[in-house]
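Values below: all heavy atoms of this structure, side chains included; hydrogens, waters and symmetry mates excluded.
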Amino acid sequence: MRLYICIMNILIVGSGGRESAFAYKIAQSPKLTNLFIAPGNAGTGQYGKNIDLKVTDFEGIATFALENKIELILVGPEEPLVKGIHDYFLNREDIKHIAVIGPQQLGAQLEGSKDFSKEFMFRHNIPTAAYKSFNQSNLEEGLAYLETQKLPIVLKADGLAAGKGVLICETLEDAKAELKAMIADAKFGAASSVVVIEEFLKGIELSVFVLTDGESYKVLPSAKDYKRIGEGDTGLNTGGMGSISPVPFANEEFLTKVEDRIIKPTIDGLKKDNIPYKGFIFIGLMNVDGEPFVIEYNVRMGDPETESVLPRIESDLVDLLEGVAKGDLANRSYTVSPKTAVTVMLVSGGYPGDYESGKVISNIENVKESIVFHAGTKEVNGEVVTAGGRVLAVTTLQDDLFTALQQATADAGRIFYQGKYFRTDIGFDLI
Ligand code: AMP
Ligand code: GLY
């Protein structure tokens, strides 16, 4: 008799709430042998082993992967993807057998360049706002173009700008000043050397997530995130203060439109354009009177959306990721729980502006009905302390939205640290 020993060592790259949720889900897999998270945080250590490596240290990650017989690397954030981590692995003979989940540099341009993604959408007839791109060489044309457009108008830095590169201008004066500041004065550095001027879409936002091996795809649960710092969606933009899944207004009819008009043409478009793609696609959508329009693509999962999406996936995530790596995702089983997940983010006082770190966190163990995913935390002398703007993500899974909202909010209140802040109104607009 021959004995087959299947080893599945997995490395997650990243350190936020999203990566904590991935670690939580992957740790449940019967297929997993060893799990590592680089660099991880104070919470990811309960699911695997944290490895002190930067997400852009490709050589360090490669050396670690070889030494620890890693079979699969799941890349959480966009930066290493846009900088080419997947290409780095494919281009080195000794590591090209290691599967990387996340697109190569070319596909990552869907997030890394707004101009690239708008051209892609127009080429493949994917509904999105009308636009034009400008740079230093045609800045005057851009200013004249603004005069012909309706207000408000949206200006987007072409490149990655840490979520800050989108401006919605209410007046022509403001739009002209911002366009000049972005292009001529490098308001967002090199990221705004090209600016996409885009029609303003009025509607309600939501996100749809897709996992693809480049041929077939699975539509993951949809989610809605709450970006503003203040109650009632007011104040400054943040990375995300909470999320819910599913989204009540994304009914079957709407999601069928999304699949037919957006998801299928996106996967087909990638194939037609010879853009290899193995990984997640996060499609930011605007629901305009029941019609879906793409606001943006991201080439990774969202944070805090992942914390609401993954707990609803009943299937083995490692099996699905293996399907992506091997190109047989179509044959993998995939089921989703009908329950509702709500995530409330606990942040540091002052975030998204200046905030203090190093505050001792207590009482997490008294949260019984929610999962507490760590985001900006670290361990110092045996204590868990705050180490970022977004500190913890509290997720609960319940039979209905109202119960879930109450539970997540109550559990968010059970945890303590100096300066703790969270929104108590996540999802209540949808009841
Ligand atoms: P993005 O970085 O592309 O996600 O844009 C940031 C935010 O700006 C989005 O989440 C939307 O709230 C808003 N936004 C972007 N594009 C548009 C648009 N064309 N119309 C209205 N709002 C937009
Ligand atoms: N929550 C939005 C994002 O991950 O980009």
Side-chain angles (χ1 to χ4, degrees), residues 72-91 96 98-129 131 133 156 158-160 194 196 198 206-222 255-286 292-302 305-306 309 317 320-332 334:
L72 187 143
I73 299 180
L74 170 59
V75 184
E78 65 277 16
E79 192 191 2
L81 293 168
V82 173
K83 289 191 170 154
I85 190 170
H86 196 156
D87 312 67
Y88 181 86
F89 273 76
L90 288 175
N91 291 336
K96 71 182 202 196
I98 300 172
V100 177
I101 306 296
Q104 295 158 53
Q105 231 171 350
L106 181 58
Q109 287 292 92
L110 281 182
E111 176 165 1
S113 166
K114 303 267 187 208
D115 185 51
F116 178 95
S117 75
K118 293 299 281 192
E119 278 191 20
F120 177 87
M121 287 183 257
F122 271 82
R123 193 160 56 243
H124 301 294
N125 282 316
I126 295 166
T128 186
Y131 83 109
S133 298
K156 296 185 172 181
D158 175 61
L160 293 183
V194 174
V196 168
E198 192 175 287
L206 73 155
S207 302
V208 167
F209 303 90
V210 178
L211 179 63
T212 181
D213 59 4
E215 286 293 327
S216 75
Y217 61 85
K218 306 277 191 220
V219 183
L220 307 182
S222 55
L255 289 175
T256 302
K257 288 180 189 171
V258 172
E259 186 159 6
D260 292 345
R261 298 178 197 171
I262 294 167
I263 296 174
K264 282 183 187 147
T266 298
I267 304 296
D268 288 346
L270 289 168
K271 275 194 263 183
K272 278 186 202 146
D273 292 350
N274 289 317
I275 300 174
Y277 202 110
K278 283 180 184 288
F280 294 94
I281 310 178
F282 161 166
I283 309 176
L285 294 173
M286 191 72 87
F293 288 81
V294 179
I295 296 261
E296 64 167 350
Y297 287 113
N298 294 307
V299 297
R300 52 170 173 90
M301 286 296 287
E305 293 91 329
T306 308
V309 167
L317 183 63
L320 291 168
L321 296 177
E322 197 179 47
V324 172
K326 295 193 168 151
D328 63 3
L329 181 62
N331 303 333
R332 308 284 169 150
Y334 172 62

A side-chain contact here means heavy atoms from C-beta on lying under 4.5 Å apart; do [X] and [Y] qualify?
| X | Y | value |
| --- | --- | --- |
| Leu255 | Val208 | yes |
| Ile281 | Ile267 | yes |
| Leu74 | Phe280 | yes |
| Lys156 | Ile295 | yes |
| Asn298 | Glu78 | no |

**OP:** Only one of Val258, Ile262, Ile283, Leu220 passes side-chain contact (heavy atoms from CB on, under 4.5 Å) with Val210; say which it is.
**Re:**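 The option that passes is Ile283.
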**OP:** Please lay out, stage by stage, how Tyr277 and His86 fare under the test side-chain contact (heavy atoms from CB on, under 4.5 Å).
**Re:** CA-CA 10 Å; Tyr277 202 110; His86 196 156; over 6 Å; no
Original post:
Counting heavy atoms not belonging to Lys271, are there more than 12 under 6.0 Å from its NZ?
Top reply: yes
Original post:
With sequence neighbours left out, what residues match Glu296 under salt bridge (charged side-chain N to carboxylate O under 4.0 Å, His left out)?
Top reply: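 In terms of salt bridge (charged side-chain N to carboxylate O under 4.0 Å, His left out), with neighbours along the sequence ignored, Glu296 is linked to Lys114.
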Original post:
Sequence neighbours excluded, which residues qualify as salt bridge (charged side-chain N to carboxylate O under 4.0 Å, His left out) partners of Asp268?
Top reply: none
Subject >> Shortest non-hydrogen contact between Ala325 and Ala99, atoms and distance >> reply: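 Result for this residue pair: CB-CB, 3.5 Å.
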**OP:** Using the six-membered ring wherever Trp is involved, compare the ring planes of Tyr297 and Phe120 and label them parallel, tilted or perpendicular (cut-offs 30° and 60°).
**Re:** perpendicular
**OP:** Using the side chain to side chain donor-acceptor pair (under 3.5 Å) rule, collect all pairs that involve residues 101-112, keeping only residues at least two apart or in two chains.
**Re:** Glu111-Arg300
Original post:
Okay, side chain of His124, backbone of Pro265: is any donor-acceptor separation there less than 3.5 Å?
Top reply: no
